[in-house]
Amino acid sequence: MPEKRAVPQRDVWEQWDWVWHVSAYAFFGLTVAVFLGNAPAGGLLPGFLILAALLAVWYIPFVANPVTRWWNNPALCGLHFLLGWALWGGLIALDAVALLLAGMFYPMIFTRLRLLWAVAAALVQTFLICALFVIRHAPEDWFPASIVGLGILAGAVLLGAFIAALASQSSKRQRLLEEFTRTRAELLKAEREMGVLAERQRLAREIHDTLAQQFASIIMHLSAARLGDPVAAPASLRQAEQAAREGLEEARRIVWDPYPGETLSASLVEDLEVAAARFSVESAVAAELAVTGNPRPLDSSVEFALLRICREALQNVNKHARARKVTVTLSYMPGAVALDVADDGRGFDPGRSGRGFGLKSMRERAEELGGAFTVESRPGSGAKIAVSVPAGDSQ
């Protein structure tokens with residue numbers, strides 16, 4: 001599982017940084033304008049303008065560096081504020097109008113420092129500014145100035161708490177959104193992988209149930225033509241050629257129509273009769289079809305799956321069972337249909353692993369239709385596969 005990335009609490013506010021910067025320089029411009037509008041004495045003007053210019057330069061790093069850099073370096077941020085306080089204190093010492101710059105300093109404190117650091121910095125800033133103002137301009141009015149300073153501090157703390165609460169809420173929403181996006185991506189990836197796996201399994205079944213069986217039939221007929229009675233060789237070659245042509249058609253169907261509307265050439269009963277008859281000719285093993293119940297048209301997917309399962313079961317008998325007789329039973333029941341393929345061959349142990357792909361393919365076809373697949377066999381006593389699937393009338 002991918003590692004969770006911590007979302008810095010201030011990241012969500014970087015998109016609004018321009019508001020604080022515009023407000024800061026607005027207060028800065030207002031301060032200078034009010035100072036110049038009060039016709040300051042000539043001796044104060046150069047010093048005030050120089051300190052104001054230095055303070056404007058001091059603010060530039062807040063614009064140039066992202067919030068997270070200040071957030072992750074509180075000590076460096078604190079040193080930077082100390083320099084700003086010194087410049088601001090000089091301006092207040094020259095003229096009380098510089099107190100307007102509180103509108104620039106307090107937002108920066110609460111957007112660049114953690115809440116506890118910000119409260120402490122705001123407390124220090126308020127104390128120093130009020131003390132400087134009282135000492136420089138109104139030492140006899142220290143009490144009213146202190147009340148004003150405490151009011152400024154309280155307002156700053158409330159503003160900071162409000163900003164911190166909003167930032168915390170926004171960061172939680174950001175984390176939830178990232179988790180949702182990550183989970184959605186993982187689900188989409190899992191769905192794609194499941195789709196790829198399902199397609200591989202489908203192709204494996206198609207190739208096994210068609211091309212592989214045709215190749216096996218071709219090999220068997222060619223071997224019979226080479227090793228058997230020379231008189232019967234032409235018939236074996238014709239059967240091998242027919243199997244090759246059918247395999248070619250199946251290969252074309254798989255390539256050009258990977259999701260065909262799978263239908264039978266005739267009815268299910270007739271196609272099962274053809275499959276049993278062909279098995280008898282190719283294997284020299286007697287095969288018969290028994291039908292119980294009232295035959296009825298079924299959904300094409302059900303009919304196709306049952307035909308595939310029957311062919312695969314007969315192929316397994318031909319390859320492994322050494323049987324003398326095979327019975328295929330198709331049973332129509334209310335709401336279901338069953339297919340049994342039984343032989344009197346040498347049998348096997350169903351619990352033994354490594355029985356090959358055939359049984360697995362038949363089981364998967366039955367289970368995809370919501371049906372059941374069972375194998376009954378034991379060494380020396382033949383074998384029987386039984387399939388039962390839900391099946392109503394075709395629409």
Side-chain angles (χ1 to χ4, degrees), residues 8-38 48-74 76-130 132-133 148-171 174:
Q9 187 175 354
R10 306 297 177 175
D11 272 358
V12 295
W13 288 99
E14 287 189 1
Q15 59 181 328
W16 300 107
D17 246 12
W18 65 272
V19 176
W20 307 120
H21 300 327
V22 170
S23 299
Y25 279 105
F27 278 108
F28 181 79
L30 178 62
T31 300
V32 174
V34 172
F35 176 77
L36 295 176
N38 288 336
F48 192 92
L49 294 180
I50 291 174
L51 289 177
L54 292 175
L55 190 61
V57 173
W58 168 86
Y59 188 84
I60 291 177
F62 288 127
V63 180
N65 295 296
V67 172
T68 51
R69 183 170 181 181
W70 299 103
W71 173 259
N72 294 326
N73 297 277
L76 178 63
C77 187
L79 291 175
H80 193 66
F81 271 111
L82 287 176
L83 177 60
W85 288 340
L87 296 174
W88 189 21
L91 290 173
I92 295 175
L94 295 176
D95 196 299
V97 71
L99 288 172
L100 290 173
L101 292 176
M104 178 177 72
F105 274 86
Y106 281 107
M108 286 299 101
I109 286 177
F110 285 102
T111 57
R112 262 59 185 179
L113 291 170
R114 301 177 186 273
L115 182 59
L116 293 179
W117 283 70
V119 171
L123 179 62
V124 173
Q125 175 176 286
T126 303
F127 175 78
L128 293 177
I129 299 308
C130 289
L132 179 62
F133 175 77
V148 172
L150 290 175
I152 294 174
L153 177 61
V157 171
L158 291 176
L159 175 63
F162 175 71
I163 292 174
L166 289 180
S168 176
Q169 184 180 29
S170 297
S171 64
Q174 181 71 17

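Here the structure is a predicted model, which is why all the values come from computation and not from measurement.
Taken from OG1 in Thr31 to CG in Asp95, the straight-line distance is 9.5 Å, to the nearest 0.5 Å. With rounding to the nearest 0.5 Å, the separation of CG in Leu49 from CG in Leu91 is 9.5 Å.
Side-chain contact check for Leu55 versus Leu101: some heavy-atom pair is nearer than 4.5 Å.
Trp58 places a side-chain N or O within donor-acceptor distance of the main-chain N or O of His80, the cut-off being under 3.5 Å.
Tyr59 meets the side-chain contact (heavy atoms from CB on, under 4.5 Å) test with His21, Ala24, Tyr25, Phe62, Val63, Met104, Met108; sequence neighbours excluded.
Ile109 and Trp85 make their closest contact through CD1-CZ2, 4.2 Å (heavy atoms, listed as atom of the first residue, atom of the second, distance). Contact detail for Trp88 and Ala98: the closest heavy-atom pair is NE1-O, 2.6 Å. Here the closest non-hydrogen pair linking Val32 and Ala52 is CG2-CB, 4.2 Å.
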Exercise for the section: Might you work through the side chain to side chain contact (heavy atoms under 4.5 Å, CB included) test for Leu30 and Val34, ending with a clear yes or no? Expected result: CA-CA 6 Å; Leu30 178 62; Val34 172; 4.0 Å; yes
